[in-house]
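Taking it in order: structure first as structure tokens, then the write-up.
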Amino acid sequence: MKSLLFVAALAASFAAWGQDTIKIGLITALSGQSARAGEAITRGMVIAIDELNARGGVLGKKFELVRRDDEATPAKGVIAARELLFKEKVAVLFGGLDTPVSLAIVPIINESKIPFMGPWAAGTPITKNGSKDNYAFRVSSVDEIVDKAMLQYSQNTFKAKNCGMILVNNPWGESNEKGLTAALNAKGMKAAGIEKFEGNDVDVVPQLTRLKNAGADCLFLVGNVGPSAQVVKSLDRMGWKPPIVSHWGPAGGRFTELAGPSAPSVHFVQTYSFFGKLSPVGDKVLKALMAKYPDIKGPGDVTPAVGVANAYDAMMLTALAIQAAGKLDGPAVRDGYYKIGKYEGLIKTYNKPFTPQVHDAVNENDYVWTQFIDNQILPVGMKK
């Protein structure tokens with residue numbers, strides 16, 4: 001099976017070079033509760049591609065984006081990945097929102113030897129997948145780093161001493177359970193309790209009641225838009241208002257609509273905000289977004305900003321990798337990521353962002369803590 005995949009990938013590399021454009025694939029949620037985040041990733045990539053193509057592209061070719069909707073389902077993500085790799089013959093495949101979908105795609109990528117770039121899904125094993133020949137890269141948050149930041153934020157902001165975990169029952173939740181437990185252990189601490197919920201649960205009062213009875217003085221929340229909203233609504237029904245320190249799941253869609261008036265009580269991590277004083281790159285990207293998309297009138301309309309920012313930087317770094325490779329051969333492009341030097345991006349100025357040992361370009365120094373205020377994601381403490 002592996003040999004067949006390799007032969008197919010080799011043929012795809014030659015076919016990719018023969019195309020008039022450099023095809024970049026994107027698999028993400030384009031429908032359902034997280035569609036807004038999928039659209040944000042798309043917009044970040046489109047703005048970057050427009051900018052690159054205006055300069056003439058790379059290697060004498062312009063870029064073309066080819067999208068597929070995974071509907072947040074691993075099986076559909078795998079089907080889409082095979083189509084984009086072997087039919088559309090993309091040079092690089094971008095993954096989308098959901099850790100379970102990305103984890104299902106990674107083995108195909110490594111066997112096919114075509115680079116995979118993650119602009120959202122944060123599961124630690126996506127890039128640290130144990131493969132000797134690793135083709136998975138990421139410009140996004142990483143669970144094990146976010147988990148350390150969540151603990152630090154709970155202590156510094158809320159003086160918390162006995163946080164409980166409320167986690168979605170899937171590989172993303174498992175990744176964060178491991179990371180949060182390690183972060184707590186490193187400080188000689190333990191969780192007040194660890195509770196799980198399913199993605200379609202509409203009532204998590206029993207789990208939250210157990211955490212309350214265990215003396216939890218804050219909650220670590222990990223879940224995408226819908227499930228996170230149900231946690232907030234369940235807390236409202238209980239009349240319990242502990243501080244909520246969350247991964248970035250609530251940013252992915254209609255959280256304020258689904259969670260109701262208590263949505264601002266959730267403080268969650270992001271990698272970028274368009275509010276405040278922007279860098280020259282931030283100013284350029286915001287202006288390009290406003291010019292291309294009529295619904296964007298200002299920073300508050302770029303939501304979730306993290307999807308746009310991660311995808312923009314990831315696309316720009318991918319172009320640099322292809323330029324360094326000098327061809328569209330998968331292994332050469334993978335090694336091209338290691339050759340990237342200094343690049344002034346949107347999230348930060350990158351300096352050798354990838355090495356054979358480190359496939360994550362964003363670290364613990366690159367996070368911003370935010371909350372929803374009037375349906376806009378603002379840095380905590382900033383007034384609209």
Side-chain angles (χ1 to χ4, degrees), residues 28-40 69-77 96-101 103 120-123 143 150 163-177 180 191-214 216-269 303-304 307 370-377:
T28 189
L30 298 172
S31 58
Q33 294 175 339
S34 297
R36 183 179 294 175
E39 178 61 22
D69 185 2
D70 61 31
E71 299 178 37
T73 304
K76 292 186 178 179
L97 296 168
D98 297 274
T99 288
V101 177
L103 288 175
W120 189 289
D143 286 343
M150 287 171 68
C163 288
M165 302 184 203
I166 183 76
L167 314 171
V168 64
N169 187 25
N170 69 15
W172 188 34
E174 292 167 11
S175 174
N176 282 280
E177 179 182 354
L180 286 166
I194 302 172
E195 296 290 339
K196 304 287 183 70
F197 56 89
E198 301 301 325
N200 58 356
D201 283 351
V202 295
D203 182 14
V204 289
V205 168
Q207 297 95 313
L208 292 169
T209 299
R210 286 192 289 270
L211 292 174
K212 181 180 181 181
N213 292 340
D217 60 359
C218 85
L219 295 177
F220 293 137
L221 171 62
V222 177
N224 281 334
V225 179
S228 294
Q230 295 304 334
V231 169
V232 172
K233 290 169 79 173
S234 293
L235 287 168
D236 282 346
R237 287 195 292 273
M238 293 170 63
W240 184 34
K241 299 189 178 297
I244 305 171
V245 178
S246 176
H247 209 307
W248 63 10
R254 308 183 340 259
F255 182 70
T256 53
E257 173 190 337
L258 297 170
S262 293
S265 67
V266 181
H267 289 199
F268 54 97
V269 73
T303 181
T370 61
Q371 64 187 137
F372 276 102
I373 303 294
D374 294 336
N375 206 31
Q376 295 185 357
I377 298 174

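As the structure is a computational prediction, the values presented were derived from the model and not from experiment.
Side-chain contact between Glu177 and Ile194 is present, with heavy atoms from C-beta onward closer than 4.5 Å. Trp248 has its side chain out of reach of Ser228: every pair of non-hydrogen atoms, C-beta onward, lies at least 4.5 Å apart. The shortest distance between side-chain heavy atoms of Phe197 and Val231 falls below 4.5 Å. In this structure the side chain of Leu167 never reaches within 4.5 angstrom of the side chain of Glu195, judged on heavy atoms. Counting heavy atoms from C-beta outward, Phe372 and Val266 have side chains that stay 4.5 Å or more apart. Using a 4.5 Å heavy-atom cutoff, the side chains of Asp201 and Gln207 are in contact. Side chains of Leu208 and Pro242 form no contact here, defined as non-hydrogen atoms less than 4.5 Å apart. Using a 4.5 Å heavy-atom cutoff, the side chains of Leu258 and Val225 are in contact.
The shortest non-hydrogen separation linking Lys76 to Asp70 is CB-O, 3.5 Å. Between Gly199 and Pro227, the shortest heavy-atom distance links the atoms O-CG, 3.4 Å. For the residue pair Val101 and Gly77, the shortest heavy atom distance occurs at CG1-CA, 4.0 Å. Minimum interatomic distance between Trp240 and Ala216 (heavy atoms only, all atoms of both residues): CZ2-O, 3.6 Å. Taking every heavy atom of both residues into account, Gln230 and Val202 meet most closely at OE1-O, 3.1 Å. Among all heavy-atom pairs drawn from Asp217 and Cys163, the shortest one is OD1-N, 3.6 Å.
In this structure a side-chain-to-backbone donor-acceptor pair under 3.5 Å is present from Asp69 to Leu30. Here the side chain of Ser175 pairs no donor or acceptor atom with the backbone of Pro171 at under 3.5 angstrom. A donor-acceptor pair is defined here as one N or O able to donate and one able to accept, closer than 3.5 Å; no such pair exists between the side chain of Asp98 and the backbone of Pro100. No donor-acceptor distance shorter than 3.5 angstrom exists from the side chain of Ser234 to the backbone of Val232, with no hydrogens or angles considered. Ser246 places no side-chain N or O within 3.5 Å of a backbone atom of Phe268 that could act as its donor or acceptor partner.
Asp236 and Lys241 are joined by a salt bridge, as a carboxylate oxygen and a charged side-chain nitrogen come within less than 4.0 angstrom of each other. Between Asp203 and Lys233, none of the side-chain N atoms (NZ, or NE/NH1/NH2) sits under 4.0 Å from a carboxylate O, so this pair counts as no salt bridge.
Between atom CD of residue Gln376 and atom OG1 of residue Thr303 there is a gap of 8.5 Å, rounded to the nearest 0.5 Å. The CG atom of Asn224 sits 4.5 Å away from atom OG of Ser34, with the distance rounded to the nearest 0.5 Å. Cys218 contributes atom SG, which lies 4.5 Å from atom CZ of Phe220 (distance to the nearest 0.5 angstrom). To the nearest 0.5 Å, atoms CD1 (Ile244) and CG (Leu219) are separated by 6.0 Å. Met150 contributes atom CE, which lies 9.0 Å from atom CE of Met165 (distance to the nearest 0.5 angstrom). The OG1 atom of Thr256 sits 12.5 Å away from atom CD of Gln371, with the distance rounded to the nearest 0.5 Å.
If you check the side chains of Trp172 and Asp143, you find a donor sitting under 3.5 Å from an acceptor.
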message = Asn169 vs Glu198, test: side chain to side chain donor-acceptor pair (under 3.5 Å). Steps then yes/no.
response = CA-CA 5 Å; Asn169 187 25; Glu198 301 301 325; 2.8 Å; yes

